[in-house]
Structures are given as C-alpha cells and as structure tokens.
2 protein chains.
Amino acid sequence: MSNPEVVELPVLQDGDVVPCCPPITAGELSTADAQKMAAMFKALSDPVRLRLFSKVASHPGGEACVCDIADVGVSQPTVSHHLKKLREAGLLTSERRGTWVYYQVAPSVVAAMSAMLDLRS
Amino acid sequence: MSNPEVVELPVLQDGDVVPCCPPITAGELSTADAQKMAAMFKALSDPVRLRLFSKVASHPGGEACVCDIADVGVSQPTVSHHLKKLREAGLLTSERRGTWVYYQVAPSVVAAMSAMLDLRS
DNA sequence: TCCTTGTTTCGATGCCTGTCGATACCTCGG
DNA sequence: CCGAGGTATCGACAGGCATCGAAACAAGGA
C-alpha cells in the first residue's frame, strides 16, 4: 500500500459496454485480445468462483449479499478473495448497503464471453 | 474400415450431446458441475491456448494442421503441451493423417460453454 | 463509548502450471 | 532399411495461485 502511483489494471468498470473481442471463428486472435479473453475465462476457471458466480446470477435480480452466498465450502477470507477476483475481471460489481455488501452480475461482460464462444459461421 | 488411430479421450466426443451443466442462472451449481465447468473454462484461460483454439476454429472446416497453427510465440513442445490440454478438456479432437496431425474443434462442447453463459433473465 | 457482526486485507505455505531443451516417437521418401 | 521432417513426451525450473489463520476495517446497536 506504499505505492500511490500504482496504475489500475485495464479492468472493466460497472456500466461499461464491453465489445472486447470478435467471435473466435472470425480469425486468429491477436496477442492483446487473447490476453483480455484469457483473463475473463480464468476468472471462471475455478470451481469456487463458478459457484459464487452462479449463486449471484441465480438470485432474483442477479444480486446477492455475501452472507447469502458465502457457503461454498471454503473459509470466509477465501470467499472474499474469489469475489475480488471476479470483481477485477469485471464479471461482478459490488456495492455496500449498510452492514452488508451486495454483488451483482455484469451482464455485458458475460454476454461478450458468450459471443466469443458462438461458433456459428 | 478406416478406423485408424483414433485418439481416445475419456472426455467428450464430437457429436455428443453435452448435458454437463445447466445455465448459470438456473440455480446454484453443484460441486461436481462446478468442477466440470471450471475445467472447460480453465482450458481457455491461457492466451496461448486461446490463440491456438482460434486458429483452428477460424480455419475452413474448423480443422487445421499443427504446422499451420504452431506459430504462437512459444516453443514447439509448449505448443504440443497446450494442444494436449485442449484435447483433454474436450475442446479439440486430433487425428493423424500421414505425416501431419490435424486438430478439429468439438462444437458441442463449446456450445455447452456458451449456453452456460447465457444470462437472459 | 464499547461490543458484536459482517467483510476485507495481510502474510505464509504448498500445490499447480507454463515454459524450455533434450529426446523419443511416427511417417514417408529414397 | 535408413535418413529427414513433423509431433509428442520427459525432466527441470520458475512463477502464479488457492488456501488458511490472524488481524484490520466498517457499520450498527446497547
């Protein structure tokens, strides 16, 4: 925390539209696009993160309190660590309302990933 | 009959319907489903693998010789290693035809991943 | 104010994985 | 049968990451 000049990662912010990358069949991926896409998929490449994400996504309104989803078989700090990863990847956004923190899905990012996997040609 | 060197995978074969997992919004993922899904996403969580996959997918017929796609900036053993990972995840299948080995995309698996990311709510 | 509950950060540890060079394997042409 | 070129495996190393307990931070109530 002693470095105030740390450059923020080019991660995605709440509300951003994310075109990101073309469908995989459109042609060879550039190195830069491949890195961006890989970061997104990596965020979902862990079973715990996948369960956390699905718990948020399956909640009414695509939103859930940490206290509602924290039971995934790992310690609470680990849950927080994974939620942070999902936030940094732009898949979830968080908002504190009083005592509790609520997480919401970021639909555009997920839609972008889905589009990239669309193999229709 | 021409049933030569079939590379057997304990995983998914081209043409198989892949029930695997429900859409993420359908409810909480079971531990088992989460592990299966995470393995698929993990296969695409590396930039090199993503580029290899896109090179195969963007080739006519969704098929390409290793010699056509091996130029991704890493050594030949590393390319082979990544292709093996993609094979083990069920995303690619391989077939030796004479001197060269051809890789094809396994459309159903990719479609399954895409379906899981479908967030229409 | 102090205490309780919810959440995040910190520091350490052990496993997993991407990468390479060397080498073995497979197929074809001579 | 042998050599050459394409592909896969092996062994080793370095960096990354999931996980935990402890501690710090935030908000509300007594």
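So that the names make sense, note that chain A is the first sequence line, chain B the second, and so on, each numbered from 1.
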Note to self: If you only use heavy atoms from C-beta on, which nucleotide in C/dA22, D/dA27, C/dT9 is closest to the side chain of A/Pro77?
What the structure shows: C/dT9
Checklist line | Rounded distance in Å - NZ (B/Lys84) to P (C/dC25) | finding: 15 Å
Margin query: So does A/Lys42 get a backbone contact from the side chain of A/Ser45, meaning a donor-acceptor N/O pair under 3.5 Å?
Written below: yes
Margin query: For residues A/Val101 and A/Leu52: do they belong to one hydrophobic cluster (side chain heavy atoms under 4.5 Å, members Ile, Leu, Val, Met, Phe, Trp, Tyr)?
Written below: yes
Checklist line | A/Val74 side-chain proximity, nearest of D/dT7, D/dC20, C/dC20 | finding: D/dC20
Next item on the list: Taking only the side-chain heavy atoms of B/Lys42 (C-beta and beyond), determine which of C/dT7, C/dT17, D/dC17 contains the nearest atom.
Entry: C/dT17
Check: Atom CD1 of B/Ile69 to atom P of D/dG6: distance rounded to whole Å?
Finding: 15 Å
Next item on the list: Would you tell me if any nitrogen or oxygen in the side chain of A/Tyr103 comes within less than 4.0 Å of OP1 or OP2 on C/dT8?
Entry: yes
Next item on the list: Scan B/Thr78 against the nucleic acid and name what it touches under 4.0 Å (heavy atoms): base, sugar-phosphate only, or nothing.
Entry: base
Notebook entry, point to check: What's the NE2-P distance between B/His82 and D/dT9, to the nearest Å?
Noted result: 14 Å
Next item on the list: Measure from the side chain of B/Arg87, starting at C-beta and using heavy atoms only, and say which of D/dA8, C/dT27, D/dT19 lies closest.
Entry: D/dA8
Check: Between D/dG5 atom P and B/Gln76 atom CD, what is the distance in whole Å?
Finding: 15 Å
Next item on the list: Tell me whether B/Tyr102 is reachable from B/Val105 by hopping between hydrophobic residues (I, L, V, M, F, W, Y) whose side-chain heavy atoms are closer than 4.5 Å.
Entry: no
Notebook entry, point to check: Is it the case that more than 12 heavy atoms not belonging to B/Asp68 sit under 6.0 Å from its CG atom?
Noted result: yes
Next item on the list: Determine whether B/Val74 and B/Leu44 fall in the same hydrophobic cluster, where Ile, Leu, Val, Met, Phe, Trp and Tyr are linked whenever their side-chain heavy atoms lie under 4.5 Å apart.
Entry: yes
Next item on the list: Please report, rounded to the nearest Å, how far the P atom of D/dG6 is from the NE2 atom of B/His81.
Entry: 23 Å
Note to self: In this structure, how many angstroms lie between the P atom of D/dT19 and the CG atom of A/Leu83, rounded?
What the structure shows: 12 Å
Margin query: As a test of reading the structure: which of C/dT8, C/dG18, D/dT9 is closest to the side chain of B/Ser80, going by heavy atoms?
Written below: D/dT9
Notebook entry, point to check: To the side chain of A/Thr99, which of D/dG28, C/dT17, D/dT19 is closest?
Noted result: D/dG28
Notebook entry, point to check: Roughly, in whole Å, what's the span from OH in B/Tyr102 to C1' in C/dT27?
Noted result: 13 Å
Next item on the list: Nearest-nucleotide wise, let me know which of A/Trp100 and B/Ser75 is further upstream toward the 5' end of DNA chain C.
Entry: A/Trp100
Check: Between A/Arg97 and B/Cys67, which has a closest nucleotide on DNA chain D that is more 5'?
Finding: B/Cys67
Note to self: Between P on D/dA27 and CD on A/Glu95, what's the gap in Å once rounded to a whole number?
What the structure shows: 13 Å
Note to self: Given C/dG21, D/dA18, C/dG18, identify the nucleotide with an atom nearest to the side chain of A/Arg49.
What the structure shows: D/dA18
